[in-house]
Peer 1: 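Got a structure for you, questions after.
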Amino acid sequence: MKIMFAVPCYWPSQDGVTQITKYLAEGLAQREHEVLVYTSTGNGGLQELPEKEEHEGVQIERTRVYVRWPMKLKGRNSSSTPAKYIDRIRSFQPDVLIVVCSQTWTLDWLIPALDRLPCARIFYSHGYSRLSQQNLIADKLKHRNILGAYEEWKVCKYYRKLYQIIGRFDLAIYLSELNNSFVYAKKYGLSNGKVLENAIEDIFISEEMRHRHDFFQHSSIQYLSIANYNDNKNQDMLLRAFCEADIENAVLQFAGFEENSYLQLLREHLKQWMPEQSTKKVIFNVHLTREQIYDLYRTSDVFICTSRSENCPIVHCEAAATGMAVVSTDVGDVRLKDGILLIEDVSQLRTAIEHLYSDREEIYTRGKKLRSYMLGRECRVTDKVNWLEKEIEAAVQKRR
């Protein structure tokens, strides 16, 4: 079959949406399907990527779009427009089109032409990060932020109609029943949805990655955060807690995709917050390869997430599968994973960092429990590709 993914970000980016789309696209390509990923170069440092290339059997084509949703979705050149996007779908003639994410050009540019496409259509949600709270417009107006109030009005208007658009797809895929997009679909009575939980790469379940926790023999300990540098990922909270924590000879590794203004802010705060003569060390990583990410998982002892909001973060699953202890804010479906230590603020996180530093046995116990939890689930890439392939076949057959 001919399968086309329309996704706002893809390899070599390292975010969650990319990783999930990548293992599904490559898994389908390995089964001799013809797979095209139509994506964008992103707002930041990906602008020099080629417009066309092939990677791991997947054809990749990139458009150049500036995204500041909901205020602006704008092509950067004459080849990056809604019309060109729709024309490429028609010229490729896919058996199925998989549209990944709302709140971006992949779905929003497609809406006017959606019903005129002859192929099967699947919507793949990664959650609705701007699903509006009712008091935001009034709050913006209270503070005389007219532009902010207008932006929130546009968000509300979008979600008042989104369910009608999702209902026009043959299948809508959600990450979990706790995901806000699944709850939204249930609220509006949509019946075309199914849940496909995230997979983790086989390497994370392997003995090669399993933590033996040799830190029992030495004093050093390494904490790890893997997330793009931005306010929602809230690395500032982790940095402050680590700098204030009463521990010695510890390392905090951050791994984000690229340099940006938020990372610069973190660097400035590190200078302000880290005590003089401290034996602690903070490392900010950017543009790491996937192999380098694996090495960070192998060599770190405690994984920490401080996000303000998530849907079904895959990094927690990866860390859990290796047998690392995991500390996290209560986001997405994280609380369902047996063994994760939940925190709410800087004070609780600082206490957790200090506690795990002094109680290595708890790191081992929590890590062992989390690995057992992950091994008890069908969480391999092969399981998810099998599921998606069957759903694609059913959707295509229904269209015929």
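The structure presented is a predicted model; accordingly, all values stated were derived computationally and were not measured.
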Peer 1: By side chain to side chain contact (heavy atoms under 4.5 Å, CB included), which residues pair with Ser176, not counting sequence neighbours?
Peer 2: Leu178, Asn179, Cys312, Asp333
Peer 1: Side chains of Ser309 and Asn232: any donor to acceptor distance under 3.5 Å?
Peer 2: yes
Peer 1: Do Tyr38 and Phe5 make the cut of ring centroids closer than 6.0 angstrom?
Peer 2: no
Peer 1: Output all residues satisfying side-chain hydrogen bond (donor to acceptor under 3.5 Å, both in side chains) with Glu391, sequence neighbours left out; order by chain, then residue number.
Peer 2: Lys194
Peer 1: Using salt bridge (Lys or Arg N to Asp or Glu O under 4.0 Å) as the criterion, list what pairs up with Glu56, not counting sequence neighbours.
Peer 2: none
Peer 1: Using the side-chain hydrogen bond (donor to acceptor under 3.5 Å, both in side chains) criterion, which residues pair with Thr21? Sequence neighbours excluded.
Peer 2: none
Peer 1: Would you please indicate yes or no on a ring centroid separation below 6.0 angstrom for Trp273 and Phe242?
Peer 2: no
Peer 1: Indicate the ring-plane relationship of Phe123 and Phe169, choosing parallel, tilted or perpendicular according to the 30° and 60° boundaries.
Peer 2: tilted
Peer 1: Please list all pairs meeting salt bridge (Lys or Arg N to Asp or Glu O under 4.0 Å) that have one or both residues in residues 23-33, counting only residues at least two apart or in different chains.
Peer 2: Lys22-Glu26, Arg31-Glu389
Peer 1: When you measure from the centre of the six-membered ring of Tyr357, is the NZ or CZ of Arg360 closer than 6.0 Å and no more than 45° off the axis?
Peer 2: yes
Peer 1: Distance-only criterion, 3.5 Å: show the donor-acceptor pairs between side-chain atoms of residues 93-102 and protein atoms not counting sequence neighbours.
Peer 2:
from  : atom 1 : to   : atom 2 : distance (Å)
Asp95 : OD2    : Lys2 : N      : 2.7

Peer 1: Could you work out, with side-chain hydrogen bond (donor to acceptor under 3.5 Å, both in side chains) as the rule, every residue matching His316, not counting sequence neighbours?
Peer 2: Ser328
Peer 1: Kindly write out the residues that satisfy side-chain hydrogen bond (donor to acceptor under 3.5 Å, both in side chains) with Arg121, not counting sequence neighbours, or none if the list is empty.
Peer 2: none
Peer 1: Does Pro82 have any side chain to side chain contact (heavy atoms under 4.5 Å, CB included) partners at least two apart in sequence or in another chain, and if so, which?
Peer 2: Trp109
Peer 1: Can you check whether Asn234's main-chain N or O pairs, donor with acceptor, with Ser307's side chain at less than 3.5 Å?
Peer 2: no
Peer 1: For Lys369, does the NZ atom have more than 12 heavy-atom neighbours from other residues, nucleotides or ligands under 6.0 Å away?
Peer 2: no
Peer 1: Can you list everything that forms a side chain to side chain contact (heavy atoms under 4.5 Å, CB included) with Gln348? Sequence neighbours excluded, please.
Peer 2: Ile343, Glu344, Asp345
Peer 1: For Ser372, check side chain to side chain contact (heavy atoms under 4.5 Å, CB included) against everything at least two apart and list the hits.
Peer 2: none
Peer 1: Is there a donor-acceptor pair closer than 3.5 Å between any side-chain N or O of Arg380 and the backbone N or O of Ile200?
Peer 2: no
Peer 1: Enumerate the salt bridge (Lys or Arg N to Asp or Glu O under 4.0 Å) contacts for residues 266-287, please, sequence neighbours excluded, ordered by first and then second residue.
Peer 2: Glu259-Arg267
